[in-house]
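Down below is the structure, laid out as C-alpha cells.
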Amino acid sequence: MIFSSYEFIFGFLPAALLGYYLLSFFGKTAISKAWLVLASLFFYGFWDWSYLYLIGGSILVNFALGRLQLGTSIKTRKKLILALAIIFNLLLLGYFKYLNFFLDNLAFITDGYQIEKIILPIGLSFYTFQQISYQVDAFANRADKYNFLDYSLFVSFFPQLIAGPIVHHSEMLPQFTKKTFLTPRARNILIGLCIFAIGVFKKSVLADTFAGFANPVFDGAQAGDVTLGFMSSWTGALAYGFQLYFDFSGYSDMAVGLGAMFGIKL
C-alpha cells in the first residue's frame with residue numbers, strides 16, 4: 001500500500017483520520033494515540049505482517065535502553081547502555097541490508113553456496129537511524145522521558161515511516177502532547193489535503209510519465225541494445241533524472257500533507 005494507491009486514499013486514510021479524531025473529540029486522548037499507533041502498524045504490516053515483529057522489537061528495546069540511560073547519572077553505565085543500543089541497531093540494519101552483499105561476494109570468491117536472499121524490510125533505515133539519534137541524545141541528557149505510547153507513535157507514525165523524512169525526537173515528540181494534535185481542525189485537514197494532492201500529482205502524473213521515456217532506454221541498454229543513439233540515450237538519462245526528482249519530491253509532499261492532516265508538522 002503506497003500513498004498514491006486507491007486503497008490508501010479511499011480506504012486506509014479516511015479510516016485512520018475518522019477513528020483518530022472521533023476518539024479525540026470524546027476526550028479519549030490515550031486511546032486515540034493508541035489507535036494511530038495501531039493504524040501505523042497496520043500500514044507497515046500491509047507489505048509483510050512478519051516484519052511487525054521487527055519494528056515492534058526495535059521499539060521495545062530502544063525505549064527500554066533509552067529509559068535506562070535517562071534513569072542513571074553514572075557516566076560509565078550510560079556509555080555501556082549507549083554502546084549496546086548502537087550495536088543492537090546497527091546489527092539489525094547490517095543483517096537485513098548488508099549481509100546479502102557480503103555473502104554474495106564471499107560465495108563468488110570461494111565459489112561457495114549462495115543462501116536465500118534476505119529481503120530488506122521497508123523503512124528499516126529510517127526508523128533505525130531515528131532511534132540511534134534518540135539514544136545519543138539520551139546519553140547527552142538532551143532527551144526527555146516520554147511514555148511508551150508517545151515513543152511508539154514517534155517511531156511508527158505512518159506518514160514518515162517507510163521513506164522518511166528522518167525526524168528528530170525534539171521536533172516530533174513535543175507535538176504529540178499539544179492540544180492542536182488532538183483537536184480536529186478543518187484548516188489543518190484542508191492544508192494537508194492540498195499538499196497531499198500536489199504530491200500525488202507529482203508522483204502519479206509527472207514521475208510516472210517520465211518513467212515511460214526512461215524505462216525503455218535503460219531496459220534496452222541492459223539487454224545489450226547497441227542501436228541506442230545519442231538522442232535516445234540522453235532522453236532516457238534526463239527523463240530518469242526527472243523521474244527520480246518528482247518521485248522523491250512527490251513522496252515528500254504527500255508525507256508533509258498527511259502529517260498536517262493530524263496537526264503534525266514534518
Side-chain angles (χ1 to χ4, degrees), residues 16 19-21 23-24 26-45 51-93 121 123-162 164-183 188 255 258-260 262-266:
Y20 177 75
Y21 279 132
L23 290 167
S24 299
F26 289 109
K28 308 295 184 181
T29 302
I31 300 176
S32 61
K33 289 182 180 180
W35 165 266
L36 198 48
V37 171
L38 290 173
S40 297
L41 293 176
F42 175 87
F43 173 77
Y44 186 76
Y51 288 135
L52 286 176
Y53 297 106
L54 186 65
I55 190 172
S58 177
I59 290 171
L60 281 168
V61 171
N62 278 283
F63 177 77
L65 292 174
R67 273 302 181 96
L68 287 174
Q69 284 205 77
L70 294 168
T72 183
S73 57
I74 303 172
K75 203 75 172 177
T76 52
R77 186 176 296 175
K78 292 189 81 166
K79 282 183 178 179
L80 177 61
I81 298 169
L82 175 63
L84 287 173
I86 292 175
I87 290 170
F88 168 78
N89 283 292
L90 291 183
L91 282 176
L92 206 63
L93 188 63
L124 176 63
S125 300
F126 293 98
Y127 66 75
T128 298
F129 287 124
Q130 213 164 289
Q131 294 186 99
I132 289 175
S133 172
Y134 178 80
Q135 296 294 342
V136 171
D137 280 356
F139 173 79
N141 295 316
R142 293 194 299 263
D144 297 322
K145 277 188 178 180
Y146 294 98
N147 61 50
F148 181 68
L149 188 57
D150 284 345
Y151 182 81
S152 300
L153 186 54
F154 157 65
V155 178
S156 66
F157 189 48
F158 73 87
Q160 52 82 50
L161 176 59
I162 60 170
I166 298 176
V167 293
H168 197 264
H169 65 89
S170 64
E171 297 172 346
M172 287 292 291
L173 279 164
Q175 292 190 70
F176 294 143
T177 61
K178 288 182 179 178
K179 193 176 180 181
T180 52
F181 175 58
L182 300 166
T183 306
N188 288 342
L258 289 168
F262 291 94
I264 293 295
K265 184 178 180 181
L266 291 177

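No experiment lies behind these values; they were computed from the predicted model shown.
Taking the centre of each ring, Tyr134 and Phe139 stay at or above the 6.0 Å mark. With ring centers used as reference points, Phe176 lies 6.0 Å or more from Phe262.
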- Tell me, with the steps shown, if Asn62 and Tyr151 meet side-chain contact (heavy atoms from CB on, under 4.5 Å). CA-CA 10 Å; Asn62 278 283; Tyr151 182 81; 3.3 Å; yes
- Passes side-chain contact (heavy atoms from CB on, under 4.5 Å), Ser58 versus Val155? Steps please. CA-CA 10 Å; Ser58 177; Val155 178; 5.9 Å; no
- I would like to know whether Phe88 and Ile132 meet side-chain contact (heavy atoms from CB on, under 4.5 Å); could you show each step before the answer? CA-CA 10 Å; Phe88 168 78; Ile132 289 175; over 6 Å; no
- Item | side-chain contact (heavy atoms from CB on, under 4.5 Å) evaluation trace for Gln130 with Gln160 | CA-CA 11 Å; Gln130 213 164 289; Gln160 52 82 50; 3.0 Å; yes
- Please lay out, stage by stage, how Tyr20 and Phe181 fare under the test ring pair (Phe, Tyr, Trp, His ring centres under 6.0 Å). CA-CA 10 Å; Tyr20 177 75; Phe181 175 58; 5.3 Å; yes
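When all heavy atoms are compared, the tightest approach of Phe157 to Ile264 is CE2-CG2, 4.0 Å. Across all their heavy atoms, Leu92 and Leu124 have their closest contact at O-CD2, 4.0 Å. Closest of all the heavy-atom pairs between Ser152 and Ile59 is OG-CG2, 3.7 Å. Listed here is the closest heavy atom pair of Ala16 and Phe158: CB-CE2, 4.5 Å. Looking at every heavy atom in both residues, Leu161 comes nearest to Ser40 through CD2-O, 4.0 Å. Minimum heavy-atom separation, Asn188 to Ala260: CB-O, 3.3 Å.
With contacts defined as side-chain heavy-atom distances shorter than 4.5 Å, the pair Met172/Leu266 qualifies. Looking at heavy atoms from C-beta onward, Tyr127 lies in side-chain contact with Tyr44 at the 4.5 angstrom threshold. Residues His168 and Asp137 have side chains in contact (heavy-atom distance under 4.5 Å, counting atoms from C-beta outward). Residues Leu149 and Leu153 are not in side-chain contact: their nearest non-hydrogen atoms beyond the backbone lie 4.5 Å or more apart. In this structure the side chain of Val37 never reaches within 4.5 angstrom of the side chain of Lys33, judged on heavy atoms.
In this structure, OG1 on Thr128 lies 5.5 Å from CG on Leu93, to the nearest 0.5 angstrom. Atom CD1 of Ile74 sits about 13.0 Å away from atom CD of Gln69, to the nearest 0.5 Å. The distance from the CG atom of Leu82 to the NZ atom of Lys79 is 10.0 Å, given to the nearest 0.5 Å. Expressed to the nearest 0.5 Å, how far OG1 of Thr72 lies from CZ of Arg67 amounts to 14.0 Å. In this structure, the separation between CG on Leu65 and CG on Leu60 is 11.0 Å, given to the nearest 0.5 Å.
Gln175 places a side-chain N or O within donor-acceptor distance of the main-chain N or O of Lys265, the cut-off being under 3.5 Å. Checking side-chain atoms of Thr177 against main-chain N and O of Pro174 turns up a donor-acceptor pair under 3.5 Å. At distances below 3.5 Å, at least one donor-acceptor pair connects side-chain atoms of Ser32 with backbone N or O atoms of Thr29.
With sequence neighbours excluded, no residue forms a ring-ring contact (aromatic ring centres under 6.0 Å, His included) with Phe129.
A donor-acceptor contact closer than 3.5 angstrom links the side chains of Lys78 and Asn141. A donor atom on one side chain and an acceptor atom on the other are not found under 3.5 Å apart for His169 and Asp144.
Within 6.0 Å of the CZ atom in Arg142, the count of heavy atoms belonging to other residues, nucleotides or ligands exceeds 12.
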